[in-house]
Student: 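Please see the structure below; I have some questions.
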Number of protein chains: 2
Amino acid sequence: MSEAADTRQQFLSVATRLFAERGFYGTSIAAIADELPYTKQALLHHFGSKEKLYGEVLKGISDQLMTELEAARDATSGEGSSALEDTLIRFYRLLEGQTHKTQLLMRELLDNKHRATSANVWYLRPFLESLIALAKQASPSTFASDAQALITVYQLLGAMNYFLVSEPTLSQMFGEEMYRELRSGYEEKLRVLISQAIG
Amino acid sequence: MSEAADTRQQFLSVATRLFAERGFYGTSIAAIADELPYTKQALLHHFGSKEKLYGEVLKGISDQLMTELEAARDATSGEGSSALEDTLIRFYRLLEGQTHKTQLLMRELLDNKHRATSANVWYLRPFLESLIALAKQASPSTFASDAQALITVYQLLGAMNYFLVSEPTLSQMFGEEMYRELRSGYEEKLRVLISQAIG
DNA sequence: AACCATACTTACCACATGGTAAGCTGTCAA
DNA sequence: TTGACAGCTTACCATGTGGTAAGTATGGTT
């Protein structure tokens, strides 16, 4: 039983990485299984279909993002917009080390219409709702409606995600060394952007 | 000859739309040809391979984005950071009506590592360079280095792209009517973000 | 000892994929 | 009039795809 759970977890882990790197259509279930000492039928045994596996991966990512966002919030002392700023920076730092989450997030935004709509399941919703709640809680006066809150936090999320996802591109353009420099300076830039957007 | 050029153009047009919507792996050359009164072999006759077709699509997008960015710049009167602000807003308005360009841009950022690197061609580079030049030209004092310029403009590009690409997601979450409201208010939000980021 | 469910594997399969080969048809230059 | 070539089509193919069917091995339950 626990061995089975472990196998499942291994599949989920590899699948998450590959889906993030290559996208849903760019990743075959055989390719996932090939990185583990199992056949693709073992994968199908555990998850039923590629679509369901992808669903579990997305749900996992969404859950983790939510948890991490809330952890970032709870680790932040103080209240109001400066607390929100700290929380978002903390969240950014978390994302920094786990680029695949950002990649999957963006892929899902892009593919949503064609893939998830047909399955009619909307995995990222809880995370986005948690984001709204965070903004409203930190600054109820600034963010009257859900939409107003989301639109602002969304801008910031967009800015940081876009940057994180662009690592290959920027490394290629400026060289890896220069990219590391860029990245180390980015956090401060982001902080400024955040404080101005919500202040 | 001109008929052939027309056929090519038709292929490019459909291919651009489908690649943007479904990604490289999610789009088969047969699917592209099926939307036109030709067979997929006609497509291969004109472009040689799927990869080359995709390359031409990307090059087309990159060229158009560059041209439009420069047109936006030239349409802007004045100088300095407020001119840059106007230019970027103008550029945003252009993108607003042509979501597929934004989608392709982001897909290429995501897939770059796995697809384009192997082909070793980096199609979006001219556009990004043009973006850097724009920023440096508008505010040479603020943006000392290429990297410093890019990192800031990049944030803004990220914020607007992210929002544009999220239409399906946000429509689904808030309903289409609410989304239209969100979107109509977004330009002003973006303007504020821009002016603060570069001011 | 018989049963049974879980965790897998091997063997298959129908179908879609990108791509090749070869031919057909019209146009246009020599 | 012939030849060549551009712009297609039909025929075909090897490979990869997600998925099914039918097992085998193992460990726990009665």
Side-chain angles (χ1 to χ4, degrees), chain A residues 1-59 107-108 111 114-121, chain B residues 1-59 107-108 111 114-121:
Chain A
M1 197 59 126
S2 97
E3 265 191 44
D6 184 57
T7 306
R8 261 184 79 94
Q9 199 45 55
Q10 288 181 55
F11 273 127
L12 280 173
S13 168
V14 172
T16 300
R17 207 184 70 246
L18 292 190
F19 281 140
E21 286 172 0
R22 314 178 186 180
F24 180 77
Y25 296 110
T27 307
S28 70
I29 52 175
I32 297 168
D34 280 354
E35 298 211 5
L36 295 167
Y38 303 102
T39 62
K40 66 168 182 172
Q41 278 70 18
L43 187 158
L44 287 171
H45 168 72
H46 282 292
F47 298 96
S49 73
K50 185 187 181 181
E51 192 73 44
K52 285 180 190 164
L53 168 65
Y54 189 70
E56 288 209 34
V57 164
L58 272 189
K59 187 173 176 346
R107 286 199 187 278
E108 189 51 15
D111 292 340
H114 262 91
R115 225 217 60 266
T117 300
S118 63
N120 219 18
V121 188
Chain B
M1 196 60 127
S2 98
E3 266 192 41
D6 186 57
T7 306
R8 263 184 77 93
Q9 200 45 56
Q10 288 181 54
F11 274 126
L12 279 172
S13 167
V14 173
T16 299
R17 206 183 71 247
L18 293 190
F19 281 140
E21 287 172 359
R22 314 179 188 178
F24 180 78
Y25 296 111
T27 307
S28 69
I29 52 176
I32 296 167
D34 279 354
E35 298 212 5
L36 293 167
Y38 303 103
T39 60
K40 67 168 182 169
Q41 279 68 18
L43 188 158
L44 286 172
H45 169 72
H46 282 291
F47 298 95
S49 73
K50 185 186 181 184
E51 192 73 43
K52 286 179 190 164
L53 168 66
Y54 189 70
E56 288 209 34
V57 165
L58 271 189
K59 181 165 180 357
R107 286 199 188 278
E108 190 50 15
D111 292 340
H114 262 90
R115 228 215 57 268
T117 300
S118 63
N120 220 17
V121 189

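Because the structure is predicted, anything quoted here is derived from the model rather than measured. Hydrogens, waters and symmetry mates are skipped; everything else that's a heavy atom, side chains included, is used. In what follows, chains are A, B, ... by sequence order, proteins preceding strands, each numbered from 1.
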Student: Base of D:dT10, side chain of B:Gln41 - is there a donor-acceptor contact under 3.5 Å?
Tutor: no
Student: Return whichever of A:Ala31 or A:Leu44 has its heavy-atom-nearest nucleotide of DNA chain D closer to the 5' end.
Tutor: A:Ala31
Student: Can you see which heavy atom on A:Ala31 is nearest to which on A:Arg22, and at what distance?
Tutor: CB-NH1, 4.4 Å
Student: Check the distance between C:dG18's P and B:Tyr54's OH and give it to me in whole angstrom.
Tutor: 14 Å
Student: Give the rounded distance in Å between these two atoms: CD of B:Gln10 and C1' of D:dG7.
Tutor: 13 Å
Student: How many whole angstroms separate atom CG of B:Leu53 from atom P of C:dT17?
Tutor: 15 Å
Student: Just wondering, do A:Leu53 and A:Leu44 contact through their side chains at under 4.5 Å, heavy atoms?
Tutor: no
Student: Output the rounded distance in Å from OH (B:Tyr25) to P (C:dG18).
Tutor: 11 Å
Student: Rounded to the Å, how far apart are A:Ile29 CD1 and D:dT20 C1'?
Tutor: 12 Å
Student: Nearest whole Å is fine: how far is D:dG7 C1' from B:Asp6 CG?
Tutor: 13 Å
Student: Looking at C:dT6, I'd like to know if its phosphate oxygens (OP1 or OP2) sit under 4.0 Å from a side-chain N or O belonging to A:His46.
Tutor: no
Student: Tell me whether the side-chain N/O atoms of B:Ser28 come closer than 4.0 Å to OP1 or OP2 in C:dT17.
Tutor: yes
Student: What about B:Lys40, does its side chain sit under 3.5 Å from the base of C:dG18 through a donor-acceptor pair?
Tutor: yes
Student: I want to check something: taking the side chain as every heavy atom from C-beta on, are A:Tyr54 and A:Glu108 in contact at a cut-off of under 4.5 Å?
Tutor: yes
Student: Of the nucleotides D:dG19, C:dG19, C:dC8, which one has an atom closest to the side chain of A:Lys50?
Tutor: D:dG19
Student: Report the nucleotide, chosen from D:dT9, C:dT20, D:dG18, that has the shortest atom-to-atom distance to any side-chain atom of B:Thr39.
Tutor: D:dT9
Student: Rounded to the nearest Å, what distance is computed from the CG atom of residue A:Leu43 to the C1' atom of nucleotide C:dT10?
Tutor: 17 Å
Student: State which residue, out of A:Leu36, A:Thr16, A:Asp6, fulfils the side chain to side chain contact (heavy atoms under 4.5 Å, CB included) condition with A:Phe11.
Tutor: A:Leu36
Student: Looking only at non-hydrogen atoms, find the nearest pair between A:Glu56 and A:Phe47 and report the distance.
Tutor: OE2-CD2, 3.7 Å
Student: Send over the distance from A:Ile32 CD1 to D:dG19 P, rounded to a whole Å.
Tutor: 11 Å
